[in-house]
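Single-structure report; data block below.
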Amino acid sequence: RWINLGPLPALQPSEFAIELEATVDRAGIRGEARVKGPEDKACTVQLLLVERAVVYPGKSKVVIQRNVARAALTAWPGGEDFAPVDGEQRLPFERAFADVERENAAFLAERRPAGTPATTIGLHLDPRQLSVLAIVRDPSTKEVLQAAWLDPKRAPELDDAAPATEGPK
């Protein structure tokens, strides 16, 4: 049994604050991150689409992996330079799930050795399992300066019991 403890206290104070908003439906996710912090601090902001539970296709619904980074929600996977205006940077995002699934399948295909099959089980996204992770990071040390996690607001269509996606064809 899981108990929601709500936000956990930071291990150390941070100069940065992150606010996240997002909505998800069967087709995609959209939203915005707002990062506040000192304008003279060199850092990057990463936004990641994370699937909390990747479920084996079929009726068994066995979880085969947890907390899988499925896609970058920023233009570059390593994040964008923190460039605030009046102390705040806004990072809007929008991704179609069909594009993410296609990109992930192509990524696996180009990395497997010729003639060696690679599993594509679990490539489809379940919008009901998706979250957004925002990370403010020092680019030289990779130290995390602040992070935030959001389970997006779900469209009413996701409340039914039908499979959320068909998976790649």
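Source: prediction; values computed, not measured.
- Side chains of Trp149 and Asn67 form a contact here, defined as non-hydrogen atoms less than 4.5 Å apart.
- Of all non-hydrogen atoms in Ala42 and Pro139, the two that sit nearest each other are O-CD, 3.5 Å.
- With sequence neighbours excluded, no residue forms a salt bridge (charged side-chain N to carboxylate O under 4.0 Å, His left out) with Asp138.
- Residues Arg95 and Arg30 form no side-chain contact, since every pair of their non-hydrogen atoms from C-beta on lies 4.5 Å or further apart.
- No donor-acceptor distance shorter than 3.5 angstrom exists from the side chain of Ser131 to the backbone of Val50, with no hydrogens or angles considered.
- Within the structure, salt bridge (charged side-chain N to carboxylate O under 4.0 Å, His left out) pairs that include any residue of residues 46-57 comprise Glu51-Arg70, Arg52-Asp151 (at least two apart or interchain).
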Lys36 and Glu19: CA distance, side-chain angles, deciding distance, side chain to side chain contact (heavy atoms under 4.5 Å, CB included) verdict = CA-CA 9 Å; Lys36 296 177 183 177; Glu19 295 176 11; 3.7 Å; yes
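- A donor-acceptor pair is defined here as one N or O able to donate and one able to accept, closer than 3.5 Å; no such pair exists between the side chain of Asp81 and the backbone of Ala83.
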List the steps and the verdict of side chain to side chain contact (heavy atoms under 4.5 Å, CB included) for Thr74 and Val45.
-> CA-CA 8 Å; Thr74 49; Val45 181; 5.6 Å; no
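- Leu130 is not connected to Ile135 by any chain of hydrophobic side-chain contacts under 4.5 Å among Ile, Leu, Val, Met, Phe, Trp and Tyr, and they are in different clusters.
- Screening Val132, Leu133, Val35 for a side-chain contact (heavy atoms from CB on, under 4.5 Å) with Leu20, the sole residue that qualifies is Val132.
- Between Leu123 and Glu101 there is no side-chain heavy-atom pair separated by less than 4.5 Å.
- Heavy-atom minimum distance, Phe93 versus Ala22: CZ-CB, 3.9 Å.
- There is no path of hydrophobic side-chain contacts, each under 4.5 Å, that joins Leu48 to Ile18.
- Evaluation of the salt bridge (charged side-chain N to carboxylate O under 4.0 Å, His left out) rule for Glu32 yields Arg34, Arg90 as partners, not counting sequence neighbours.
- Glu80 places a side-chain heavy atom less than 4.5 Å from the side chain of Leu91.
- Proximity of Val100 to Leu125: side-chain heavy atoms (C-beta onward) are separated by under 4.5 Å at one or more points.
- Just one of His124, Gln129, Arg128 meets the side-chain hydrogen bond (donor to acceptor under 3.5 Å, both in side chains) condition when paired with Asp126; it is Arg128.
- The salt bridge (charged side-chain N to carboxylate O under 4.0 Å, His left out) check on Arg154 picks up Asp159, with sequence neighbours excluded.
- Put simply, the side chain of Cys43 reaches to within 4.5 Å of the side chain of Leu145, judged on heavy atoms.
- With values rounded to the nearest 0.5 angstrom, Ile29 atom CD1 is found 6.5 Å from Leu73 atom CG.
- Hydrophobic clustering of Ile, Leu, Val, Met, Phe, Trp and Tyr side chains at less than 4.5 Å, counting indirect connections, unites Leu150 with Val24.
- Partners of Phe82 by ring pair (Phe, Tyr, Trp, His ring centres under 6.0 Å), not counting sequence neighbours, listed by chain and number: Phe16.
- By the salt bridge (charged side-chain N to carboxylate O under 4.0 Å, His left out) test, Arg137 pairs with no residue at all, sequence neighbours left out.
- For the pair Glu157 (side chain) and Arg26 (backbone), a donor-acceptor distance under 3.5 Å is present.
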